[in-house]
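Structure, as structure tokens:
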Amino acid sequence: MNTLHFAITIDAPRAAVWKTMIAPETYRLWTADFAQGSYFEGSWAEGERIRFLGPDGSGMVAVIAENRLHEIISIQHLGFVANGVEDTESEAVKAWAPLFETYRFTDAGSATEVQVDMDIWPEHQDYMAETWPKALAKLKALCEAGTVG
């Protein structure tokens, strides 16, 4: 397992960046490069279960390991979702789960720096290394245009 790190500075306050990142309407926009039609079901509250899904309803199931308002969100990925069914127990899932995806929000003058750390298995590393910068650029454009979910 490897960890990828990404960072971007966004000319907007932390509260606006935070809200844009996790609001259902804007989440769909900035995550489109991962899968057009991406969405989530569930809550971003600490300890709550959340599903990250593509338009066919398949994706990942996770729990929010940590949520400190406007500071950090840490997602603990637990397994896959296929045909509406969660798989957190198969040998395929146990080979990698859990893995973490963490977003940190810090002040950078009047702007906000967003840092993303993501545990990743090697066969997906190139895809994520290519896609995360595109997604963060979309998040930046949404935030700087004042498009808040």
Side-chain angles (χ1 to χ4, degrees), residues 1-81 86-88 93 95-149:
M1 191 75 57
N2 299 320
T3 301
L4 297 178
H5 177 78
F6 306 95
I8 194 165
T9 300
I10 300 173
D11 190 17
R14 276 197 283 172
V17 175
W18 176 282
K19 186 172 182 183
T20 302
M21 195 166 203
I22 67 171
E25 309 81 33
T26 46
Y27 177 88
R28 289 177 180 267
L29 298 173
W30 76 265
T31 61
D33 283 313
F34 293 108
Q36 190 68 34
S38 293
Y39 65 101
F40 66 87
E41 293 177 342
S43 170
W44 292 92
E46 190 168 311
E48 294 295 319
R49 213 161 178 86
I50 190 167
R51 291 174 158 199
F52 299 97
L53 304 167
D56 66 353
S58 65
M60 305 280 292
V61 60
V63 66
I64 303 301
E66 186 175 6
N67 181 323
R68 288 194 317 258
L69 187 64
H70 307 151
E71 290 181 24
I72 189 170
I73 297 173
S74 184
I75 304 161
Q76 181 181 14
H77 291 284
L78 303 173
F80 295 114
V81 178
E86 293 183 8
D87 172 9
T88 59
V93 169
W96 60 263
L99 59 82
F100 286 85
E101 183 175 338
T102 303
Y103 311 145
R104 289 179 178 81
F105 305 80
T106 56
D107 292 331
S110 61
T112 300
E113 182 177 48
V114 177
Q115 296 180 28
V116 178
D117 291 303
M118 180 179 200
D119 295 338
I120 191 76
W121 48 100
E123 59 269 24
H124 295 276
Q125 186 168 329
D126 289 345
Y127 171 76
M128 288 298 179
E130 180 181 319
T131 307
W132 261 108
K134 293 176 188 176
L136 288 173
K138 282 188 178 177
L139 177 65
K140 177 181 176 78
L142 289 167
C143 293
E144 291 180 356
T147 308
V148 179

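One is the number of the first residue; the rest follow in order along the sequence.
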Looking at [X] and [Y], what are the two nearest heavy atoms and their distance?
{"X": "Pro122", "Y": "Asn2", "result": "CG-ND2, 4.1 Å"}
{"X": "Ala111", "Y": "Ile10", "result": "CB-O, 3.1 Å"}
{"X": "Ile64", "Y": "Ser43", "result": "CG1-O, 3.5 Å"}
{"X": "Pro133", "Y": "Met128", "result": "CD-O, 4.1 Å"}
{"X": "Gly57", "Y": "Leu53", "result": "O-CD2, 3.3 Å"}
{"X": "Thr112", "Y": "Ala12", "result": "OG1-O, 2.6 Å"}

Mind telling me whether [Y] and [X] have parallel, tilted or perpendicular rings, with 30° and 60° as the class edges?
{"X": "Phe34", "Y": "Tyr127", "answer": "perpendicular"}
{"X": "Phe105", "Y": "Trp18", "answer": "tilted"}
{"X": "Trp30", "Y": "Tyr103", "answer": "perpendicular"}

Within a strict 4.5 Å, meaning less than it, do heavy atoms of the [X] and [Y] side chains meet?
{"X": "Val116", "Y": "Trp132", "result": "yes"}
{"X": "Leu29", "Y": "Leu142", "result": "yes"}
{"X": "Arg28", "Y": "Tyr39", "result": "yes"}
{"X": "Leu139", "Y": "Thr20", "result": "yes"}
{"X": "Thr102", "Y": "Ile72", "result": "yes"}
{"X": "Lys134", "Y": "Lys138", "result": "no"}
{"X": "Asp117", "Y": "Arg104", "result": "yes"}
{"X": "Leu78", "Y": "Arg49", "result": "yes"}

**Study point:** side-chain contact (heavy atoms from CB on, under 4.5 Å) between Leu99 and Ile120, worked out
**Key:** CA-CA 7 Å; Leu99 59 82; Ile120 191 76; over 6 Å; no
Can you check whether [Y]'s main-chain N or O pairs, donor with acceptor, with [X]'s side chain at less than 3.5 Å?
{"X": "Lys140", "Y": "Thr9", "answer": "yes"}
{"X": "Asn67", "Y": "Trp44", "answer": "yes"}
{"X": "Asp107", "Y": "Gly109", "answer": "no"}

Review point. Are Glu113 and Gln115 linked by a side-chain donor-acceptor pair shorter than 3.5 Å?
Key: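 A donor-acceptor contact under 3.5 Å links the two side chains.
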Check your understanding: Does any donor atom in the side chain of Asp119 or Thr3 lie under 3.5 Å from an acceptor atom in the other side chain?
Key ->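 A pair is found: one side chain offers a donor N or O, the other an acceptor, under 3.5 Å apart.
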Practice item. Examine Phe40 together with Tyr27 and report whether their ring centres are nearer than 6.0 Å. Key: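 Between Tyr27 and Phe40, which both carry aromatic rings, the centre distance is below 6.0 Å.
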Check your understanding: side-chain contact (heavy atoms from CB on, under 4.5 Å) between Ile50 and Val63: does it pass, once the steps are laid out?
Key -> CA-CA 6 Å; Ile50 190 167; Val63 66; over 6 Å; no
Exercise for review: Before giving the answer on side-chain contact (heavy atoms from CB on, under 4.5 Å), spell out for Val81 and Met60 the whole-Å C-alpha distance, their side-chain angles and the decisive distance to 0.1 Å.
Suggested key: CA-CA 5 Å; Val81 178; Met60 305 280 292; over 6 Å; no
Check your understanding: How about Gln36: does its CD atom have over 12 heavy atoms from other parts shown lying under 6.0 Å from it?
Key ->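 Count not over threshold, so no.
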Check your understanding: Among Gln76, Met1, Glu66, His77, which residue meets the side chain to side chain contact (heavy atoms under 4.5 Å, CB included) test with Phe100?
Key ->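 It is Gln76, the one option of Gln76, Met1, Glu66, His77 that forms the side chain to side chain contact (heavy atoms under 4.5 Å, CB included) with Phe100.
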**Study point:** Stepwise side-chain contact (heavy atoms from CB on, under 4.5 Å) test for Arg14 and Glu71
**Key:** CA-CA 8 Å; Arg14 276 197 283 172; Glu71 290 181 24; 3.7 Å; yes
Point to revise | Electrostatic pair Arg51-Glu86, nearest N-O below 4.0 angstrom | key: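 Yes, charged N to carboxylate O under 4.0 Å.
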